[in-house]
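Comments concern the structure below.
Hydrogens, waters and symmetry mates are skipped; everything else that's a heavy atom, side chains included, is used. Values in this document were obtained by computation on a predicted structure and should not be read as measured data. One-based numbering, in listed order, for ligands and for the atoms of each. Throughout, numbering of the chain's residues begins at 1 and tracks the sequence.
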Amino acid sequence: MISIVVPCYNEQEALPLFYEEAARVIGGMDEPCEFILVNDGSADDTLKVMRELADRDSRVKYISLSRNFGKEAAMYAGLCNAGGDYVAVMDADLQDPPSLLPRMLELLRGGEYDCVATRRADRKGEPPVRSWFARQFYRLINRITDAEIVDGARDFRLMRRSMAEAIISLSEYNRFSKGIFGWVGFRTYWISYDNIERVAGQTKWSFWKLFVYALDGIISFSQVPLNIVSWFGTGITGLSFIMLIFVIVRKLIFDDPVAGWASTICVILFMGGIQLMCLGIMGQYIAKTYMESKNRPHYIAAETNIENAKRIK
Ligand code: UDP
Ligand code: MG
């Protein structure tokens, strides 16, 4: 059986279209399926749509979170409640075409791969500034982490149960799934396709949200910023030592210790700035550690039609 996990946040218009299309494609496949629709605290009628779909089609399971926990948590809730031998993760806006599913399943059945993942072929239709930042982000994060993070990778994938379980077992609170998918490994086949606009509704990502998400990703998967900070500190200590000798020698030889208010202020400002920046970077890591140490659940479900559902995890 295939479980299709669909995180949904304010998708009342897109979800019925998605269901039609996915059900049509799956009708032509020889594998039974279940839908795991996750309502991520939508403010519109998404939950109502889910209830109606579940009434019509017994393959439709839904789980409704008690508030908006974010896509990562919604995906986690879906994965935790998926019972299939194969698990797919798909967006509700048809940017992940269900028509690829038969080919993906074929590839998995071949036995050579554990996961078939998708990426967008290019960044057409995206503002140039955003594309530039995105490219720099992928270059940077791949240099400083050991998990392979593929440029333009979408969350749309079909994987074996074993991989889905590996992903669930990474129970960290700060979930950067692009990194998690890469970190767990497994043999992955990549399919590229042209970017597709969403069918209905609005994207939930602003430039600023993406930027913060990118920083979160770096902090979740790399300690390099901390290393840079400590090398920086060491370097500046070395430099100050040389300065110190210079100042003492000048005092002994020329007896002129007071030279320049400007240079003193520059050094103070520079040092103050560096110290605050380093503290800030450390603070980011400490804040993440703090959140992890609380061990809070990733999601809380308020309503579901899944038997023995994992309501809190
Ligand atoms: N989503 C979610 N919770 C959120 C934000 C988004 O479950 O807080 C879902 C959304 O309903 C959609 C998917 O995540 O199915 C991708 O969101 P979106 O299409 O807005 O992102 P984009 O495709 O623009 O990157
Ligand atoms: Mg989308």
Side-chain angles (χ1 to χ4, degrees), residues 3-22 35-50 53 60-82 87-98 100-101 117-127 130-131 133-134 137-138 149-157 173-178 180-181 193-214 216-217 298-304 313:
S3 301
I4 301 182
V5 170
V6 191
C8 304
Y9 178 51
N10 294 344
E11 302 284 9
Q12 60 176 11
E13 286 112 27
L15 188 56
L17 302 174
F18 170 83
Y19 168 77
E20 289 296 311
E21 172 65 11
F35 291 91
I36 310 279
L37 309 179
V38 185
N39 174 31
D40 187 14
S42 302
D44 65 0
D45 284 335
T46 304
L47 178 58
K48 224 168 103 192
V49 173
M50 287 181 182
L53 290 176
V60 174
K61 314 269 167 59
Y62 66 86
I63 176 160
S64 179
L65 308 189
S66 59
R67 65 170 169 86
N68 180 249
F69 282 85
K71 184 185 176 186
E72 300 286 353
M75 256 164 43
Y76 192 72
L79 289 176
C80 288
N81 286 290
V87 182
V89 180
M90 299 181 81
D91 286 1
D93 56 9
L94 283 178
Q95 280 186 305
D96 302 332
L100 286 177
L101 284 172
T118 60
R119 55 183 299 199
R120 47 193 293 184
D122 54 32
R123 299 196 160 267
K124 255 187 298 191
E126 203 182 48
R130 184 179 290 196
S131 294
F133 270 100
F137 165 71
Y138 283 109
I149 296 168
V150 174
D151 187 357
R154 297 193 56 85
D155 288 338
F156 178 25
R157 351 184 124 220
Y173 189 78
N174 293 289
R175 299 188 75 75
F176 182 67
S177 52
K178 284 181 200 304
I180 291 176
F181 286 139
Y193 62 90
D194 285 338
N195 191 37
I196 305 165
E197 299 288 315
R198 59 160 45 241
V199 277
Q202 291 285 318
T203 176
K204 282 96 205 170
W205 291 95
S206 63
F207 180 79
W208 181 241
K209 268 179 137 178
L210 278 174
F211 191 76
V212 171
Y213 184 61
D216 269 356
H298 298 83
Y299 67 86
I300 298 168
E303 182 188 328
T304 176
K313 192 166 174 190

Tell me whether the rings of [X] and [Y] are parallel (<30°), tilted (30 to 60°) or perpendicular (>60°).
X      : Y      : value
Phe133 : Phe211 : perpendicular
Tyr76  : Tyr299 : perpendicular
Phe18  : Phe35  : perpendicular

Do side-chain atoms of [X] reach the backbone of [Y] as a donor and acceptor pair under 3.5 angstrom?
X      : Y      : answer
Asp91  : Asp93  : no
Gln12  : Asp45  : yes
Ser64  : Glu303 : no
Asp40  : Leu65  : no
Asp151 : Tyr138 : no

So if I count the atoms of ligand 1 from 1 in the order they appear, which ones are less than 4.0 Å from some heavy atom of [X]?
X      : answer
Glu11  : 10 (C), 11 (O), 12 (C), 15 (O)
Cys8   : 7 (O), 11 (O)
Gln95  : 19 (O), 22 (P), 23 (O)
Asp93  : 19 (O), 23 (O)
Gly70  : 3 (N), 8 (O)
Arg198 : 18 (P), 19 (O), 20 (O)

Please list the nearest protein heavy atom to [atom] with its residue and the distance rounded to 0.1 Å.
atom                    : answer
atom 25 (O) of ligand 1 : Trp205 CD1, 3.5 Å
atom 6 (C) of ligand 1  : Lys204 CD, 3.8 Å
atom 14 (O) of ligand 1 : Lys71 CD, 3.2 Å
atom 24 (O) of ligand 1 : Thr203 OG1, 2.6 Å

Shortest heavy-atom approach to atom 4 (C) of ligand 1 - which of Asp96, Thr46, Asp40: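 Among Asp96, Thr46, Asp40, the closest heavy atom to atom 4 (C) of ligand 1 belongs to Asp40.
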Axial cation check for Phe69 ring with Arg67, 6.0 Å and 45° limits: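 Verdict for Phe69: a cation-pi partner in Arg67.
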Pair Glu11 + Arg198, salt bridge at N-O below 4.0 Å: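 Looking at Arg198 together with Glu11, the answer is yes, because their closest N to O distance falls below 4.0 Å.
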[X] contact mode with ligand 1 (heavy-atom cut-off under 4.0 Å):
X     : value
Tyr9  : both
Asn68 : side chain
Asp91 : both

Opening angle at the Mg ion (ligand 2) [OD2, Asp93; OE1, Gln95; to 10 degrees]: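 Taking the Mg ion (ligand 2) as the apex, I get 100° for this pair.
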Polar contact flag for Pro7 and ligand 1 (N/O pairs, less than 3.5 Å):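 The answer is yes, given that Pro7 and ligand 1 share an N or O pair closer than 3.5 Å.
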